[in-house]
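A short write-up of the structure that comes next.
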Amino acid sequence: MNKILAIAGVVIKELYRRKDFYVLFVLTALITLVMGSATFFNDPKIVRYLVEVCLLLIWVSAIAIAIGTAARQIPAECESRTIFPLLAKPVTRAHVILGKFLGCWFACGIALVAFYAFAAIVRGSREAYWPMLHYFQASWLHWMGLAVMIAMVILGSLIFSAPSANATICEIIIVGILLLGGHLDTVALRQPPPLDLITYTIYFFIPHLEWFDVRDILVHDQPLIKWWAVLGATAYAAAYTATFLFLAWLIFRRKPLNA
Amino acid sequence: MEPILKLEDLRVEFRSGALRHNPKVALRGLNLEVYRGEIFGFIGPNGAGKTTTINVLLGFVAPTAGNAYLFGVNVREPIARQRIGYLPELTYYYKFLTVEELLRFYARIFGIPRRETDRRIDQLLRLVELEQVRNRPIKTYSKGMQQRVGLAQALINDPELLILDEPTSGLDPIGRMKVREIIQRLKNEGKTVFFSSHELGEVETVCDRVGILHEGELRTVGRVSDLKAQFQTDLERIFLKIIGYQLNT
């Protein structure tokens with residue numbers, strides 16, 4: 001475990017020494033603050049729109065950070081050849097994959113804490129309303145969803161030759177799942193055979209990332225999600241993450257590396 | 001005496017293309033033993049298979065046939081690399097880290113306790129003369145300094161066996177001399193050094209034994225002094241003769 005955490009530590013250091021996170025955070029903060037300073041039609045519920053936009057920006061920024069960071073990890077190690085001194089130590093390729101995953105995931109977790117804290121402060125300052133458990137559930141499920149996305153991108157980085165191709169394909173898949181994943185069963189009902197079967201198969205195989213998007217509980221002050229459901233979603237994310245990482249390991253362990 | 005490094009009928013083939021026909025044979029049944037306290041020079045022309053042998057020893061490439069052992073443990077087991085240090089030909093390190101952070105990272109991988117890590121980092125940075133720049137990112141270092149970072153990282157676990165791939169490649173004469181001094185110091189401390197090089201003069205000065213590799217085959221292995229006595233000439237001419245190069249003079 002120490003080796004995995006050591007590798008993860010380097011990933012986190014790399015992220016906070018790069019400018020991606022700061023740029024996205026400043027952009028999110030700036031757009032939210034500019035919108036927060038405006039008043040439209042003296043609507044007393046304007047804060048809801050503000051929170052909605054802020055949370056959407058957080059989702060977009062977090063996906064950009066997760067995909068951007070995860071897509072380059074292993075290809076960059078191979079390209080800059082830092083993988084060689086690393087694997088010359090008593091480190092297995094499974095350690096590398098798990099370390100890279102944990103590093104990206106923890107780094108995204110740190111970014112999420114900053115983003116959600118900002119959202120809470122903006123809302124709290126306007127409404128004097130602090131639904132802390134709602135924030136916890138939303139950010140926790142968001143983080144679990146990011147775990148699945150990061151594992152998927154790491155797997156992609158071992159399949160596709162260029163990090164940019166991998167990032168683009170993964171972005172399309174992730175955004176596609178978030179927007180359409182939950183409606184595929186309805187679409188399947190209207191398809192003739194065998195298209196209905198194919199659509200159903202896709203519906204049951206894809207990770208339903210939209211389940212982790214619970215922004216509505218914050219925007220519309222909905223009641224807290226049942227804790228057993230949060231636990232179930234966490235287990236679901238863990239299962240998909242483990243599957244993607246296992247597949248990544250199967251590919252990486254056989255990959256010849258020539259120093 | 002048990003060898004520290006052992007190669008047994010080692011064969012490596014690289015296959016390419018969809019049908020994976022006509023494999024390129026990089027190593028053809030290599031047999032070699034290196035013993036404790038030796039400095040062993042592994043020499044050969046470009047494409048002879050030196051780096052492939054090192055890649056197998058480090059677990060980067062799986063052998064097609066045969067086996068390789070470090071300290072009696074098959075190199076397929078990661079634990080075989082617990083007591084070795086590796087210096088690659090070129091410097092490949094996380095350039096956004098400082099040398100101290102890099103050494104701390106590798107020390108953590110070896111499971112070295114924190115206090116011991118601090119002591120070793122101080123000692124190694126003194127040895128490679130990077131104490132003054134320990135808090136500067138590696139990307140700001142010159143090539144020679146980066147090569148010395150490589151030496152420091154290779155020594156962080158106080159290894160019993162050092163594998164050096166062209167350790168003086170691209171260094172200026174002072175850099176080369178410093179690396180040679182460090183190798184000599186390690187020999188005096190009883191460490192085993194296995195290194196590949198094109199610099200035959202350097203190999204002749206530093207090594208106890210040499211192995212000459214050509215086209216994936218080990219053509220000869222022996223003590224430098226014995227080879228010189230047998231062929232009545234210097235190592236460079238012995239090398240050229242063994243690989244079949246015809247000298248005009």
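Just so it is clear: chains get the letters A, B, ... in the order the sequence lines come, proteins before strands, and each one is counted from 1.
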Please report the interatomic distance CZ(R108(B)) to NZ(K89(A)), rounded to the nearest 0.5 Å. 15.5 Å

On a heavy-atom basis, the closest approach of Y93(B) and P85(A) is CE2-CG, 3.8 Å

Qualifying residue, where the test is side chain to side chain donor-acceptor pair (under 3.5 Å) with Y94(B) and the options are E77(A), K13(A), E14(A): E77(A)

Just wondering, more than 12 heavy atoms not from Y16(A) lying within 6.0 Å of its OH? yes

Exceeds 12 heavy-atom contacts within 6.0 angstrom, atom CD of E189(B): yes

Between CZ on residue R81(B) and CG on residue L87(A), distance to nearest 0.5 Å: 7.0 Å

Do F96(B) and V10(A) make a side-chain contact, defined as non-hydrogen atoms from C-beta onward lying under 4.5 Å apart? yes

State, to 0.1 Å, how close F60(B) and F84(A) come at their nearest heavy-atom pair, and which atoms those are. CZ-O, 3.1 Å

Check each atom of I4(A) against the heavy atoms of chain B and say whether the ones under 4.5 Å are side chain, backbone, both or neither. neither

My understanding is that only residues two or more places apart in sequence, or in another chain, count here; which of them pass side-chain hydrogen bond (donor to acceptor under 3.5 Å, both in side chains) with E33(B)? Y35(B)

Where does E77(B) contact chain A at under 4.5 Å (heavy atoms): side chain, backbone, both or neither? neither

Smallest separation among heavy atoms of L58(B) and A88(A), with atom names: CD2-CB, 3.9 Å

Minimum heavy-atom distance between G59(B) and R93(A), given as atom pair plus value: O-NH2, 3.6 Å

T82(A) and K95(B), any side-chain heavy atoms less than 4.5 Å apart: no

In short, F110(B) meets P90(A) closest at the heavy-atom pair CE2-CD, 3.2 Å

May I ask you to check whether over 12 heavy atoms, not counting those of E116(B), lie within 6.0 Å of atom CD? yes

